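Quantities reported herein were computed from a predicted structural model and do not represent experimental measurements. Ligands are counted one by one from 1 in listed order, and the atoms in each one are counted from 1 as well.
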Amino acid sequence: MARPRLAILTSGGDAPGMNAAIRAATLVALAHNATVLGVEQGYRGLINGDFRPLEAHDVVELVRAGGTALGTARCPEFRERAVRDVARRRLRDARIDHVLVIGGNGSLAGAHALGDPHEQLEDWPVRVIGLPASIDNDVGTTSLAIGVDTAMNTIVEACDRIADTATAHHRTFIVEVMGRDCGYLAMAAGIGAGANLVLFREAGLALDGLVDAVCDTVAQAARRPNHRALILKSEGVEVPVEQLKAAVNARLAAAGEDAIEAELRVTVLGHVVRGGRPSALDRLMASRLAHAGVLALLDGAGDQMVAWQPGRPPARATRTAVDPRCWLVPLADVLAETQALHDGTSPQAQWRVKVFDALEGVLNRG
Ligand code: F6P
């Protein structure tokens with residue numbers, strides 16, 4: 001039997017732990033007699049045929065590295081069938097028949113399209129498996145995606161530092177964190193950082209509601225001995241943070257004699273949150289997902305994602321042969337659930353908000 005040839009690609013926004021997944025996937029595949037190729041710069045490299053062989057010595061040190069050693073890219077052109085066919089011909093030319101895609105929502109949509117049985121070249125079908133990786137934790141059917149834990153730790157550490165200076169000056173800080181379509185990072189890190197208020201898109205507040213919430217928080221802070229407040233704002237809340245600050249200042253100024261004096265400052269953490277060495281949990285989870293994913297791929301699975309699910313598995317999930325926490329879920333189901341997480345119709349999204357509201361209501365009393 002011909003030796004299987006497996007390509008690994010990382011795509012979309014990088015996430016800490018992608019390298020740990022590349023490392024584990026490579027070592028597992030080599031141990032199972034596959035030839036491994038890395039694809040440079042995600043789907044763009046696939047279209048250009050930018051493949052390079054990966055051996056154990058190329059990946060052993062990757063476990064502790066942030067970013068992705070293969071590079072990554074956003075590649076909207078991969079939505080076009082003709083472009084995917086170019087990629088399929090590149091795979092055929094390089095005799096690659098298995099592909100492991102590590103990425104978030106857009107990358108997994110690309111994986112589903114690449115592995116679509118109706119689009120395969122007659123003489124060279126490929127099988128594709130995805131691993132969830134996105135700091136936003138907005139990939140459906142997995143309880144965690146690679147990168148979320150590290151990103152949360154980075155935010156909490158940054159907030160601890162900001163709290164020091166906020167307390168010293170009796171100031172209110174609004175700290176914006178990534179999360180374009182999903183407020184999970186802000187909510188989870190907000191609890192970890194002891195934030196006084198978290199603004200996330202799922203709450204659906206317009207400018208007036210946001211200003212009310214910030215002004216209430218400022219008023220509460222004025223009654224506390226340290227006079228400071230820490231507010232986390234998710235990027236998905238569409239009002240720009242400087243506009244929010246200006247609107248709050250205007251509201252406070254308009255209060256005349258009853259005005260509360262507040263010094264507002266803004267910090268946008270932005271891409272700082274995507275970088276850095278992966279946490280132990282991200283390294284462990286990435287390694288286990290990659291292990292289960294490569295074995296499933298070599299065993300004939302395709303068009304599925306490996307989900308990290310300690311609790312009840314998603315409806316059409318099948319257990320992986322090697323790991324009780326890793327489940328294979330059809331990519332079509334993953335994408336549908338991701339959409340539901342984004343538009344708030346997913347029970348999981350609703351639970352997240354409910355649990356957050358209940359806990360925050362208690363933690364932030366007084
Ligand atoms: O990877 C997801 C994400 O971090 C979003 O939260 C954010 O909006 C986006 O990436 C930023 O992407 P880019 O680095 O392409 O500007």
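- The shortest heavy-atom distance from G179 to ligand 1 is under 4.0 Å.
- Those atoms of ligand 1 that come under 4.0 Å of a heavy atom in E235, given as number and element, are 5 (C), 6 (O), 7 (C), 8 (O).
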What do the steps show when you test F356 against F200 for ring pair (Phe, Tyr, Trp, His ring centres under 6.0 Å), and what is the final call? CA-CA 11 Å; F356 173 80; F200 49 95; 5.3 Å; yes
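- No donor-acceptor distance shorter than 3.5 angstrom exists from the side chain of H342 to the backbone of D181, with no hydrogens or angles considered.
- Judged by distance alone, with hydrogens and angles left aside, the side-chain atoms of T142 form no donor-acceptor pair with the main-chain N or O of A145 at under 3.5 Å.
- Protein heavy atom nearest atom 12 (O) of ligand 1, with residue, atom name and distance: R74 NH2, 2.8 Å.
- Between R161 and D164, no side-chain nitrogen of the basic residue sits less than 4.0 Å from a carboxylate oxygen of the acidic one, so the salt-bridge criterion is not met.
- Scanning the protein for heavy atoms near atom 16 (O) of ligand 1, the closest one is H271 NE2, 3.6 Å.
- Side chain of T320 to main chain of C326: a donor-acceptor pair is present (N/O by atom type, distance under 3.5 Å, no hydrogens or angles).
- Regarding atom 11 (C) of ligand 1, its nearest protein heavy-atom neighbour is R274 NH1, 3.6 Å.
- Proximity to G13 (heavy-atom distance under 4.0 Å) selects the following atoms of ligand 1: 1 (O).
- For atom 5 (C) of ligand 1, the nearest non-hydrogen atom of the protein is D136 OD2, 3.3 Å.
- Of all protein heavy atoms, the one lying nearest to atom 4 (O) of ligand 1 is M178 SD, 2.9 Å.
- Judged by the 6.0 Å and 45° rule, R89 forms no cation-pi pair with W124.
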